[in-house]
Amino acid sequence: MPKKEIGKFSVSYMQILDETGKVDTKLEPKINNKDLLAMYRWMVLSREADQRMINMQRQGRIGTMGPSTGQEAAHVIPAYLMNEKDWFVGAFREAGARLVRGETIAQALLFYNGFEEGNKKPKEYRTLPVSIIVGAQTLHAVGIGYAVKYRGEKDTAVVTFMGDGATSEGDFHEALNFAGVWQAPVVFICQNNQWAISLPRHKQTKAETIAQKAIAYGIPGIQVDGNDPLAMYVASKEALDRARSGGGPTFIEAVTYRLMMHTTADDPKKYRTEEEVDEWKQKDPLPRFQKYLEGKGIWDAKKEEALVNEIKSEVDAAVKEFEDLKELPAEACFDHVFGTKHVDIEEQRMEFLDDQKRGTDNA
Amino acid sequence: MPKKEIGKFSVSYMQILDETGKVDTKLEPKINNKDLLAMYRWMVLSREADQRMINMQRQGRIGTMGPSTGQEAAHVIPAYLMNEKDWFVGAFREAGARLVRGETIAQALLFYNGFEEGNKKPKEYRTLPVSIIVGAQTLHAVGIGYAVKYRGEKDTAVVTFMGDGATSEGDFHEALNFAGVWQAPVVFICQNNQWAISLPRHKQTKAETIAQKAIAYGIPGIQVDGNDPLAMYVASKEALDRARSGGGPTFIEAVTYRLMMHTTADDPKKYRTEEEVDEWKQKDPLPRFQKYLEGKGIWDAKKEEALVNEIKSEVDAAVKEFEDLKELPAEACFDHVFGTKHVDIEEQRMEFLDDQKRGTDNA
Amino acid sequence: MPKMNMVQAINLGLFQEMSKDDSVVVLGEDVGVDEGVFRVTAGLLEKYGEDRVIDTPLAESGIFGTSIGMALAGLKPVCEMQFSGFSYLITHQLEGHASRFRSRSQGDWTVPLVVRMPYGGGVRAMEHHSESREALYATIPGVKVVIPSTPRNARALIVAAVRDPDPVIFMEPKRSYRAFREEVPEEEEVMEIGKAQVVHEGDDITVISWGAMMRPTIQTVDKIGEKLGKKVELIDLLTVSPMDSITITESVKKTGRCVIVQEAPKNMGVASEIIARINDKVLMYLEAPVKRVTNYDVVTPYFGRETNYFPTPDRIYRAIEETLNF
Amino acid sequence: MPKMNMVQAINLGLFQEMSKDDSVVVLGEDVGVDEGVFRVTAGLLEKYGEDRVIDTPLAESGIFGTSIGMALAGLKPVCEMQFSGFSYLITHQLEGHASRFRSRSQGDWTVPLVVRMPYGGGVRAMEHHSESREALYATIPGVKVVIPSTPRNARALIVAAVRDPDPVIFMEPKRSYRAFREEVPEEEEVMEIGKAQVVHEGDDITVISWGAMMRPTIQTVDKIGEKLGKKVELIDLLTVSPMDSITITESVKKTGRCVIVQEAPKNMGVASEIIARINDKVLMYLEAPVKRVTNYDVVTPYFGRETNYFPTPDRIYRAIEETLNF
Ligand SMILES: Cc1ncc(C[n+]2csc(CCOP(=O)(O)OP(=O)(O)O)c2C)c(N)n1
Ligand SMILES: Cc1ncc(C[n+]2csc(CCOP(=O)(O)OP(=O)(O)O)c2C)c(N)n1
Ligand SMILES: [Mg+2]
Ligand SMILES: [Mg+2]
């Protein structure tokens with residue numbers, strides 16, 4: 001077709017620490033040891049909690065849960081870079097990031113066991129509860145971004161997460177478009193873990209990368225090795241800085257992999273091969289990060305062992321805290337329908353309590 | 001940000017016949033005179049019908065209508081290139097295209113006067129009724145495209161239209177994404193007429209062009225001068241050929257302008273200047289096309305006068321046909337709720353008829 | 001007190017709330033420069049600027065979903081759906097988020113926002129511009145659905161909606177926008193959400209309606225008084241959900257007869273819920289079946305036919321008369 | 001006749017319809033390779049191939065909107081919403097298009113399609129996996145809402161839904177998916193959409209339910225017979241909209257008493273519409289108020305609390321007893 005070129009776009013990929021532990025020293029960020037070790041610790045804690053919860057689900061001690069094993073770098077690192085003023089608007093597969101943001105493991109257990117109390121978190125934490133409707137939360141992030149800008153809050157960013165599957169939803173599109181138009185201080189991080197339950201990435205969209213979707217909204221976008229903590233660090237920092245300094249939104253595609261099942265109700269053997277999983281295990285962010293720390297001379301087998309033990313106890317304690325919880329009030333739902341009293345709700349509360357009391361008297 | 005380029009994209013613009021009537025002869029398509037004159041005639045007819053309907057609305061002879069004056073090239077030309085097997089899935093601002101597809105002006109009047117009879121059109125026409133929910137129809141087009149492919153229908157394309165505003169809706173996104181994944185034989189034509197009611201194009205999206213949105217879906221996209229009948233011809237033909245030959249979807253941004261109000265209920269003076277409108281009047285596709293035909297020696301003032309008279313009578317006749325229609329049955333709604341009988345509907349029909357009969361006896 | 005129409009009255013309410021509280025922002029399609037397709041937001045942009053009166057891209061879920069975010073972050077968004085016919089694009093955000101944040105977080109996170117939308121027929125507009133689907137929204141717990149019927153209560157209720165701690169769907173009967181004027185006090189006036197209003201007292205029959213149907217109902221009720229000498233107790237529902245059963249059932253207890261006038265189709269309408277509540281509490285006081293005057297269970301007709309389908313004063317009259325004579 | 005659970009029964013219905021008619025296609029999230037998260041579409045991909053069993057991108061409006069297109073073009077799509085909690089993303093396409101094409105074109109264009117969706121609680125799943133919102137869909141004219149309660153009627157109704165000329169929302173009570181088995185004939189069996197079924201005859205009281213609530217209701221009804229010696233007429237609604245008033249009102253005419261058991265919240269539920277219809281036609285036969293046993297008007301609790309909120313056999317028992325003793 002004969003025509004005149006009027007726009008040019010490109011998509012870039014960033015990797016700094018590769019699968020073998022090799023570092024691209026030209027790109028290597030300067031991070032102090034304390035931060036490095038702290039990030040690593042969060043990742044290990046997240047992994048351990050995840051695995052424990054899978055076991056607990058198997059034993060019927062909690063309900064369905066969705067593991068994040070394998071994706072820790074993609075969400076722990078940006079969360080670590082966030083500060084108190086920043087807002088966290090997650091989906092459902094950023095358990096590690098939630099820990100960084102101050103959620104306790106006991107709370108997570110409560111959540112997975114079907115109690116709203118697992119979501120209780122004062123507004124000051126600026127961390128929204130898990131959002132299950134795929135894609136919907138990205139719009140909340142943009143609205144919060146608008147409010148931040150409207151209030152003239154300085155140095156404040158909103159970080160929102162979504163999966164590769166979420167990029168197909170209309171809400172994702174509307175969120176990126178609004179963010180572009182409003183130049184809202186939002187960092188969109190897509191954890192492209194290759195699968196949306198059983199749908200592989202290449203059936204989700206014909207686009208070669210997810211990062212290029214940002215072009216549709218006039219937003220900067222980049223593809224990052226999401227299992228590379230250093231690349232995630234650099235990309236997240238740049239995006240956060242841009243948002244905090246009034247530079248508008250950024251879209252990051254973090255290429256990662258869901259090493260476990262979609263949720264404990266899922267059987268991934270139905271749709272993917274063990275070979276594929278094994279291949280991705282080679283790219284696991286945890287051993288990779290460990291190697292990096294060892295290379296820097298700040299980590300060794302003994303420290304690893306100590307950390308693992310420490311974290312095991314921490315998780316043990318959290319499980320105990322969760323299991324020691326006394327029964328939560330059954331009628332709590334009546335308290336939180338509205339912020340105002342209504343006679344219907346109060347009448348029904350009475351009926352409810354009465355019915356609870358009568359139990360099985362007649363039947 | 002240090003990184004490796006992994007994807008390159010560009011957006012092109014096509015114009016062949018410019019505002020002054022100058023032709024880029026390198027790009028000029030070969031179109032026989034009969035077709036050229038036919039396309040011109042449809043555009044003139046569409047313009048005349050449009051203007052007449054605005055007047056009729058002003059006189060209270062029909063209800064609200066949305067004029068398409070100024071956008072004729074962008075929708076008449078692709079419609080002209082469609083054949084009987086192709087499907088037309090429009091929005092609400094392709095009146096000229098609908099005429100090409102066999103809708104009568106009397107029917108359009110009936111539609112704008114609030115009667116479903118204006119939409120009656122046997123399936124064989126493969127032309128769906130006007131779709132008012134912005135963006136929604138694009139998904140129907142993709143589903144039809146899937147059916148065409150599934151049935152192995154050869155040489156069949158689906159053409160769907162939407163405005164610049166529609167590109168912000170989630171359904172638009174989902175439609176383009178499904179079309180990409182399914183490689184559905186769909187031609188998406190966005191009539192970017194610079195306004196969505198009062199919202200100017202640059203507030204609709206931060207993207208510099210709408211054409212670049214196709215990149216997000218791995219679909220070929222192009223920006224075309226939508227007031228240039230020749231460029232619309234070339235771009236539509238290429239897209240139709242691609243769809244018909246199994247090459248999948250195409251996205252065309254047709255840059256045009258809504259010269260009139262959004263609908264007869266709208267007052268564009270509230271949000272745009274006369275200068276802007278005047279500027280775009282210079283780019284009007286009708287005089288431009290006329291000049292081209294004159295340049296080719298197949299048109300002159302006398303022919304123009306004859307055509308205008310002929311078309312005026314044609315529209316007169318249509319208006320008469322519409323106004324001579326006898327009253328349409330009030331109870332028709334009861335016939336088309338379901339394809340099966342239901343006692344509720346039948347009971348209510350009786351009540352309705354009874355109430356109609358009783359009229360104002362008591363009150 | 002100045003006389004104004006409903007458009008002006010809602011506009012007044014918005015003006016006043018915006019001047020009082022800078023967390024109130026208005027957003028939607030064409031609400032700024034164009035001042036709303038019905039001019040309900042007239043003057044707001046000029047007075048409060050682009051940051052508080054936001055012309056958004058054309059995406060309802062985007063408008064509402066970002067409003068949820070704004071509300072979570074402490075703003076009080078008043079967003080507009082240009083017509084209720086396009087509001088179903090927000091159903092998932094309403095059912096799945098706006099209505100749930102409070103209970104999901106046991107009160108830590110709340111979503112105080114208002115969704116304004118013109119609804120209902122009678123203005124000879126195109127498809128999707130004539131429906132009454134208050135019932136659809138009323139099926140969702142955690143959402144308040146408010147429908148004013150006059151300029152004065154529209155102003156008092158929009159103010160209440162803006163101040164409400166929960167998501168409020170504010171459905172504006174577009175047919176009543178400019179149909180009549182009423183005195184509306186300049187100074188603040190607020191009505192309580194969740195309360196119906198007894199417009200006329202009477203003890204022969206209870207007639208209940210809301211929104212645009214209040215007008216033909218009032219006319220008819222007056223005629224019933226004149227012609228049949230019967231005293232009608234007329235109730236304006238005002239809040240469709242959560243419903244004010246008490247006002248309804250107290251009245252029916254007194255009158256023993258009831259007619260409900262609803263613009264929406266019959267099946268699964270708000271009228272059905274009213275009947276269910278009468279059944280629950282005062283069935284044994286009923287001297288006749290409750291009668292519903294409603295639209296029919298057909299797909300909303302294009303405007304050429306719609307007037308045939310609405311409850312008319314004649315149908316309302318007959319229903320009241322039949323119920324009185326039962 | 002082989003015994004099967006509801007998952008197998010619906011699967012059988014889909015298999016048979018697909019083998020009969022190559023215009024039937026199945027689409028949705030994870031319906032192919034994964035065979036549906038509840039395995040309702042097991043074996044279909046293997047048998048009918050990728051063209052007829054389509055794993056779609058993750059977008060509900062996309063799934064449903066393209067299904068409308070397929071239906072317009074002569075296919076018969078059976079699309080799946082993975083959970084009803086995510087189905088509200090299609091509301092605008094349902095209210096605005098699927099339900100309207102027929103009337104919009106006066107019968108020239110029709111949208112015969114089925115939207116399958118597991119609904120309801122009781123499976124200890126996360127938020128949005130427990131709601132019963134049949135009422136929301138039932139507010140929309142031009143849409144049929146069908147809810148089976150057993151393997152056998154599920155098979156007969158899914159077949160009817162696939163053959164129906166209109167859009168059918170087919171809500172599958174996920175709690176009943178594997179809860180019990182029933183004999184289901186291999187050979188074709190079809191039930192009429194729009195008809196309720198009298199499961200037990202009786203003349204002391206009418207009890208009406210549908211979907212997952214049929215199980216606790218049947219248990220309770222049996223107990224009522226044993227303990228109180230009363231004969232219950234039990235009605236399974238099966239189609240929620242358009243409703244079968246006749247079966248209901250004929251029964252209530254006979255019994256004079258009625259209890260309705262509904263998993264959904266009380267306000268604006270299907271039970272309210274049933275009461276309204278009883279009011280319309282047989283009010284004067286009622287010897288007691290119709291009693292509703294429902295969920296409460298709260299935001300659907302997370303699963304940790306949900307069982308407290310559902311109608312239980314105890315609550316159902318008490319409601320029947322109280323109504324009998326009224
Ligand atoms: C709107 C919506 N549709 C369907 C689901 C059911 N569901 C939960 S997660 C999921 C897949 C999500 O894929 P992706 O976005 O890639 O995230 P991942 O699970 O891989 O982290 C689906 C279909 C849902 N939660 N929300
Ligand atoms: C979903 C939806 N929202 C809002 C409207 C009201 N509306 C009708 S046309 C229109 C603007 C459309 O702009 P665009 O897509 O650019 O098409 P144009 O009118 O310019 O042809 C709006 C907001 C609608 N019809 N549908
Ligand atoms: Mg994924
Ligand atoms: Mg436009």
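Below, chain A is the first sequence line, B the second, and so on; all start at residue 1.
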Side chain, backbone, both or neither of [X] within contact of chain C (heavy atoms, under 4.5 Å):
| X | answer |
| --- | --- |
| D/Tyr137 | neither |
| D/Arg100 | both |
| D/Glu131 | side chain |
| D/Val299 | both |
| D/Val143 | neither |

Handout entry: Side-chain donor/acceptor of C/Arg315 to backbone N/O of C/Phe310, under 3.5 Å
Key = yes
Handout entry: Interface moiety of C/Glu127 toward chain D, non-hydrogen atoms closer than 4.5 Å
Key = side chain
Heavy-atom pairs under 4.5 Å with chain D: which of [options] has the most?
| options | result |
| --- | --- |
| C/Ile274, C/Thr300, C/Thr139 | C/Thr139 |
| C/Glu273, C/Gln93, C/Met243, C/Lys266 | C/Glu273 |
| C/Pro265, C/Gly96, C/Gly142 | C/Gly96 |

Problem - C/Thr255 and C/Thr206 side chains, donor-acceptor separation under 3.5 Å - result: yes
Problem - Donor-acceptor side-chain pairing of D/Ser87 and D/Tyr119 below 3.5 angstrom - result: no
Problem - Pair C/Glu263 + C/Lys174, salt bridge at N-O below 4.0 Å - result: no
Exercise for the section: Write out, in numerical order, the residues from residues 101-111 of chain D with a heavy atom short of 4.5 Å from a heavy atom in chain C. Expected result: D/Ser103, D/Arg104, D/Gln106
Completion exercise
Minimal heavy-atom distance between C/Ala59 and C/Glu29, with the atoms involved, is N-OE2, 3.5 Å
